[in-house]
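Here's the structure, in C-alpha cells; my notes come after.
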Number of protein chains: 2
Amino acid sequence: MAKPTIVQVARLAGVSNSTVSRCLNQPENVDKKTLARVRKVIEDIGYRPNLLAQNFRRGQSDIVLVVVHNVGASIFSNILDGIRGVLGSRFSVILMESRAEAQGHARFIDLLVAKQVVGVILLCASPTFDPRLIGGFDHQPRLPVVIGLEPVSADLADLPSVHIDNHRAAFDATTYLLDMGHREIAFISGEKDSPITLDRERGFAEAMAQAGCAAPSARILHGDLSIQGGIAAAHRLLGRPERPTALFCANDDIALGAMSVAAQLGISVPEDLSVMGFDDTIYAATANPPLSTVAQPTREVGERTAKQLLHALDHPEDAEQLTEILPHRLIIRKSTAPLRQKGKA
Amino acid sequence: MAKPTIVQVARLAGVSNSTVSRCLNQPENVDKKTLARVRKVIEDIGYRPNLLAQNFRRGQSDIVLVVVHNVGASIFSNILDGIRGVLGSRFSVILMESRAEAQGHARFIDLLVAKQVVGVILLCASPTFDPRLIGGFDHQPRLPVVIGLEPVSADLADLPSVHIDNHRAAFDATTYLLDMGHREIAFISGEKDSPITLDRERGFAEAMAQAGCAAPSARILHGDLSIQGGIAAAHRLLGRPERPTALFCANDDIALGAMSVAAQLGISVPEDLSVMGFDDTIYAATANPPLSTVAQPTREVGERTAKQLLHALDHPEDAEQLTEILPHRLIIRKSTAPLRQKGKA
DNA sequence: CTGAAAGCGCTTACAG
DNA sequence: CTGAAAGCGCTTACAG
C-alpha cells in the first residue's frame, strides 16, 4: 500500500490532477462543490502532498537559513523560538554557526546554492555573511534577507532589520553607572568592528564624554562575546591597582566571566566593582550576585524578523524595507552599586 | 543564463545523461577517461546537481532531524557541533524541541512524514518521541534512529545509543559527597520517570543505601531540568531548619538555580551547603562559587551518535545495534566541601 | 471553472 | 562500460 499521490485523489474524486492541485494551492479558483468533494477524498485516504515533489517542481525548497554566531549562546534560544513560531510548519529552519565557518563565505554560499534556501535570517552580520552577497551569484535570484538583533550599518540600510537601539541602550546603561558616581568605567566589547557592538561602543563613549571623562574610547576593550572573552579582559583590567570601579560588558557571558575573575582576585561585586551585562540571558538573574543588565525583547526580535521574512517571501514585488526598533530595558539587580568613597581601603 | 543541468554536461562531454549521473554517484562504474572528461566539463561550467531534483527522484530528503529538549540548554551546543561535524555538508540538520511540542507525538510524526526526514537523532527519549513509533506509520519505511545522551530503557535496548554510564556517574558523585562526610544529601532530579534521570536516581539511591542512609528515594525531588526547577526545589528544601547539607543536582542549571536560592537565604556554599551539578556546561566553571560537577564528553556524544546514524543510513542491511558507553569524569571545584562538624551554628 | 499535456532534473532498470 | 527511455509527483500555461 503505497503512499497516496495526487493521481489517486484525482481518480477517486473524478477530476483531473490539475484540479486537485488547484484545490491545494488556489482553492479560490475552484468550484465550491468540486472543492468539497476533493477535500473529502483527501481526508478519507489521508493524502498529503509530497513536499519533495513540490519543492522540486517549484524550484525552491522550504528551508530558511538562520545564521547565528554560536548556537550555544543562550540569547538565541528565545529568538529561535520566536522565529519557529512564525515560520511554523511551512518552513524548515536550519542553523548555521558563523563562528564554526573557518572557510567562511565560500561555504556559506555553497550551502545557499546547494540547499536552495528560500530566505535567510542573519542574527550576526559579520562581513563573512555580507548580505549583499546573498543571491545574485551562480545564476541564483537574489534571496530575501532579514537582519535580526544586530544593527545594520549604513551601507546595508536597504535591508530590513529588527533590533533595539543599541546606541541608546548602551548610553542608558553607562549613564546609570555614571549616575551611581562611577567615572572609572571600562567597556568590555566584542570583536573590533563587530557590527553588534559598534553601536554599543558609541553609546558608551558618548555618555562618558558627556560626563566629562577624557578619552572614553581608550576605555574600550575588544575581545570575544563569551565567558572566555570576559575572563581575558578582566585579567587585563583587574590585575592592576588603578583598576576601574565599574565594568560595562557587551553581553552577559562576558560579565559572568569578568565576575568570576573578580571573585578569584578577592574583589567584591558590587562593593569594590560594579558589573553590568547586556541581554538579560537566563543566567543573569541567578548569578552571584544577580547581574544588572540590559534586556532585549528576544522572542519579539525573532517573531518580527520572521514576519518580515515571511512578508518578503509572499510579496516579492513589495520592496518596502522596514527597520524595526524594539524597546530595551535596564534591569537593575545586585551587581551594581553606588561608588564607594575613597577612604575605603 | 540558467543554472547548468545534467543535460548540458552530457552534451558538452559527448555522453548521455545516464553517464553523467553515474560519474556523480557511482564513479567506479565509469571508464577512467570518460570520467575525467565529464569531470572536466562539470568543473568548467560549474555544474552542481540540483539537490531538490535528487531528493525528489530518490524519494528522500537530506534532512536529519535532531530532537532536543530545549535548544537553549548549553549542553547541546557541543553535541550539535559534533553532529554537524560528522554529518557535514551531506545532510541538513533540523532541530525540534520536545518541550515546545504541546501537540506532542502527532506533530512529530507529521514533521517526519511531511519533511521526509531520512534519519533521527533523539537527544531526549521522552515518551512523546518514542522511537518505536518512528517509521512504520503512514506507508513510510522505518527510519534509522540513534539515541544520544540518554540511557535507553530496557524495552528500547534494540536501538543504538551513545551515552555515559549515568548510573555509575551518579553513584560516583554521591559517593564523593558521602566521603566528604555528608549524610543529609538530597537529589534534585528532573521529571519523574524522565529517562535521562532515572539511571542517575538509581545511582544516587544505591550509593546512599550502601552508606546506610535510610529511605534514599525519599530524598529525591522531581522537577524540571532547568534553573527554575532548581529554584523551586531549593525553596522546598532549604526553607526548613533540618535542611540537607549537600545537594546533588541532575544538571548544572538546577545547581545554579539552587545556589541562587542559597545565596538569597544567606546559606553559604560550600560552608553550609555543598552543591554538585551534572554536565559541566560552560556556566559551571565561572559560577560563584565555581561548581563541582560531573562532566560528559559532549562533543564526542554528538560525533559518535552521528557516526552511528551515518552507518545505519549507508548500510541499512546491517542491523547491528551498538550501545556506546562514553567515560564521565568528576570535576571538583569549590561548591563542595567536607561536612562541617555540629557545633557550627 | 476544468482538463490534457508538457515538463521540472534527475536516477534506474534494461538492453546492448 | 554506455545509452535510450521511462518515470518520480507535482505545477503550470494553455485551451476550452
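Residue numbers start from 1 in every chain, and the chains themselves are labelled A, B, ... in the order their sequence lines are given, proteins ahead of strands.
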Next on the checklist: Any carboxylate oxygen within less than 4.0 angstrom of a Lys/Arg side-chain nitrogen, looking at B:R90 and B:D62?
Outcome noted: no

What distance do [X] atom [atom1] and [Y] atom [atom2] have between them, rounded to the nearest 0.5 Å?
X: A:S77; Y: B:N70; atom1: OG; atom2: CG; result: 5.0 Å
X: A:S161; Y: A:I325; atom1: OG; atom2: CD1; result: 6.5 Å
X: B:H163; Y: B:E324; atom1: NE2; atom2: CD; result: 9.5 Å

Next on the checklist: A:A312: which residues meet the side chain to side chain contact (heavy atoms under 4.5 Å, CB included) condition with it, sequence neighbours left out?
Outcome noted: A:P144

Next on the checklist: Taking side chain to side chain contact (heavy atoms under 4.5 Å, CB included) as the definition, give me every residue that meets it alongside A:T298, ordered by chain and number, with sequence neighbours left out.
Outcome noted: A:I75, A:N78, A:I79, A:Q296

Item to check | Secondary-structure string, 5' to 3', Watson-Crick or G-U under 3.5 Å, | for another-strand partners, for DNA chain C | outcome: |||.||||||||.|||

Checklist entry - Got more than 12 heavy atoms from elsewhere within 6.0 Å of CD, A:Q8? => result yes

Checklist entry - Are A:N50 and A:R57 linked by a side-chain donor-acceptor pair shorter than 3.5 Å? => result no

Item to check | Side-chain donor-acceptor pair present, B:R11, B:N17, cut-off under 3.5 Å | outcome: no

Checklist entry - Which residue pairs pass the ring-ring contact (aromatic ring centres under 6.0 Å, His included) test when at least one of the two sits in residues 2-39 of chain A, sequence neighbours left out? => result none

Item to check | Start and end of chain B contact along DNA chain D [non-hydrogen atoms, under 4.0 Å] | outcome: D:dC1 to D:dG9

Checklist entry - Taking DNA chain C as the partner, which of residues 20-39 of chain B come within under 4.0 angstrom of it by heavy atom? => result B:S21, B:R22, B:N25

Next on the checklist: By the 4.0 Å heavy-atom rule, please label B:S18 as base, sugar-phosphate, or nothing.
Outcome noted: base

Checklist entry - Between B:V7 and A:S16, which is nearer to the 5' end of DNA chain C once each is assigned its nearest nucleotide? => result A:S16

